[in-house]
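Some notes on the structure that comes next.
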Amino acid sequence: MKITAIKGINDILPDEVGKWQWVESVARRIFANFGFREIRIPILEKTELFARSIGESTDIVEKEMYTFPDRNRQLLTLRPEATASVVRAFVQHQLHLQPAMRKFYTIGPMFRHERPQKGRYRQFHQINVEAFIDDPMIDAEVIYLLLVFLQELNIPDIDLHINSMGCVDCRQPFRIALSEYLAGVSERLCQDCQRRRLTNPLRIFDCKVESCRQLMRDAPVLLDHLCDDCRSNFASVKGHLKSLGVIFTINPHMVRGLDYYTRTTFEALTPHLGAQNAVGGGGRYDGLMKILGGPDLSGTGFAIGMERLLLLLAGKAGGQQHPIRLFVASLGAEAQSRGFQLVQELRFRNLLVEMDYESRSLKAQLRRADKLGATHVIIMGENELAKGVALLREMEVGSQEEVPLDGIVEKLLQKFDLVM
RNA sequence: GUGGGUGUAGCUCAACAGGUCAGAGCACCGGGUUGUGGCCCCGGAGGCUGAGGGUUCGAGUCCCUUCACUCACCCCA
């Protein structure tokens, strides 16, 4: 029985890594322009952190977390999302005392024990952005940043949906109104929604069953029940978005999976992800930091699914491996040893060089050099060694010239413009 | 957790209704040039056809079990 990777937890092979690095570098560049600073948070946290932040009765906490006791019998969890950790770190290090430290991003793996499918894996990667500033302007900025980033990557057909989830004050009366409505139509809901009605009524807005959708068309909507503060806050966010030329759809039925969202929520949707439709999503969370024992600062953030992003990028060129520049081919033990030394010295001097470690035919070595994309090859055999030279072959044209071994390193560095 | 699809060489896939069916292309290795790449030609290596059991004279092909992958439901990035 061969040991394989765990279901839904995949290797990223060298040929794909270029794309990952490219996406990450674009993210770092743009986020930096927007004043966000990278923060690196642990992959493992105390289970309590997620239970308290995400919400005890969410699917994530109830059945999707990788949770286990460590050797001291403390319950630990592989993070299913990043926001809780960023907030925890912010609170733990008292970063609110440094007013210039309010905007963060982080990139890394998350874990959820779900059945894998297209665009959904048990270990998946997110790019997260969080800003702890209480102003509708920051909501608009964060949304704008998400769109700018996706645009920079040339992701096609992105549709931005926004909604407001209100605050504790307006959500409570609304829940009651919704529950009353649902109780009235309960028998006409699908099986799943019958269950949702009691566990998470808001989710019924997400149901794909046509009959449920019809019923929900007449259901009360949170947007109509916003309190004055929330209403004007939402208006302000929309105003700022418009001022930035952002095109959006107000989707009063959009529901997000984590309990901590308040007021502004948003998703970047695409039709190209199979059963999935969100590449990125996020929103504002008012009470989270206080729940986690910190100051009462609100936050706004989003998460982008890396794998989903890469699916949308598939087929497009993205970050190639640097082709090597020089290949050193040698014939005979003596020459091979000299070649080995030459290769290491050139590498030390910052040149991308490769060689063949099995003593193969010159033909085989040149073939390898070609495969690796070398523009030049040094050929060293007994004949050359005896004359105290090496051959420098230009692959493109197939010409070669003799180069004295004496001072060959400097000569090559000059050739590749690497002399200091 | 539930349902559908698929499992044949490293990769992508063939093999009519069970009977030379274990193959092709790419990749890999070697030769064509006693020491010279890409194109071309020739050759080679590589698979107990996911695993186990059953039906049959005979199974990659049919049946059962199991595992894996995949898509979808659920849920979410």
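The figures here come from the full heavy-atom set of this structure, side chains too, leaving out hydrogens, waters and symmetry mates. Convention: sequence-line order gives letters A, B, ...; per-chain numbering from 1.
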Separation of B:rA77 P from A:L146 CG (nearest whole Å)
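Rounding to the nearest Å, CG of A:L146 and P of B:rA77 are 13 Å apart.
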Measure the distance from NZ on A:K118 to P on B:rC73 and round it to the nearest whole Å.
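Spelled out: NZ on A:K118 to P on B:rC73 is 13 Å.
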A:Q123 versus A:Y66, side-chain donor and acceptor atoms under 3.5 Å
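A:Q123 and A:Y66 do not have a side-chain donor-acceptor pair below 3.5 Å.
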Do A:D139 and A:T300 have a side chain donor and acceptor closer than 3.5 Å?
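Short answer, yes.
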Paired stems touching RNA chain B, three or more consecutive Watson-Crick or G-U pairs with both distances under 3.5 Å?
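Ordered by first number, the stems with RNA chain B (at least 3 consecutive pairs each) read B:1-7 with B:67-73, B:10-13 with B:23-26, B:28-32 with B:40-44, B:50-54 with B:62-66.
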Let's test your reading of the model: under 3.5 Å, does the base of B:rC74 pair with the side chain of A:R115 as donor and acceptor?
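No.
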Distance criterion of 3.5 Å, no angle test: do you see the side chain of A:E114 paired donor-to-acceptor with the base of B:rC73?
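There is none.
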Using a cut-off of 4.0 Å between protein heavy atoms and nucleotide atoms, how would you tag nucleotides 34-49 of chain B 5' to 3' with B, S and -?
-BBBB-----------
Do side-chain atoms of A:R308 reach the backbone of A:G119 as a donor and acceptor pair under 3.5 angstrom?
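Checked: pair present.
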Proximal nucleotide (of B:rA77, B:rC75, B:rC73) relative to the A:D59 side chain
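For the A:D59 side chain, the nearest candidate turns out to be B:rC75.
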Given B:rC74, B:rA77, B:rC69, the nucleotide with the shortest approach to the side chain of A:K7
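Nearest to the side-chain atoms of A:K7, counting from C-beta on, is B:rC69.
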Can you classify the ring geometry of A:Y105 versus A:F31 as parallel (below 30°), tilted (30 to 60°) or perpendicular (above 60°)?
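Answer is perpendicular, since the angle exceeds 60°.
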For B:rA45 and B:rG10, measure between their C1' atoms and round to the nearest Å.
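About 13 Å, rounded to a whole number of Å.
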Name the nucleic acid region contacted by A:F327, choosing base, sugar-phosphate or nothing; use a 4.0 angstrom heavy-atom cut-off, strictly under.
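Nothing: the residue A:F327, judged by heavy atoms under 4.0 Å, touches no strand.
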Just call it for A:A275: base, sugar-phosphate, or nothing, with non-hydrogen atoms closer than 4.0 Å on any strand.
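Contact class for A:A275: sugar-phosphate only.
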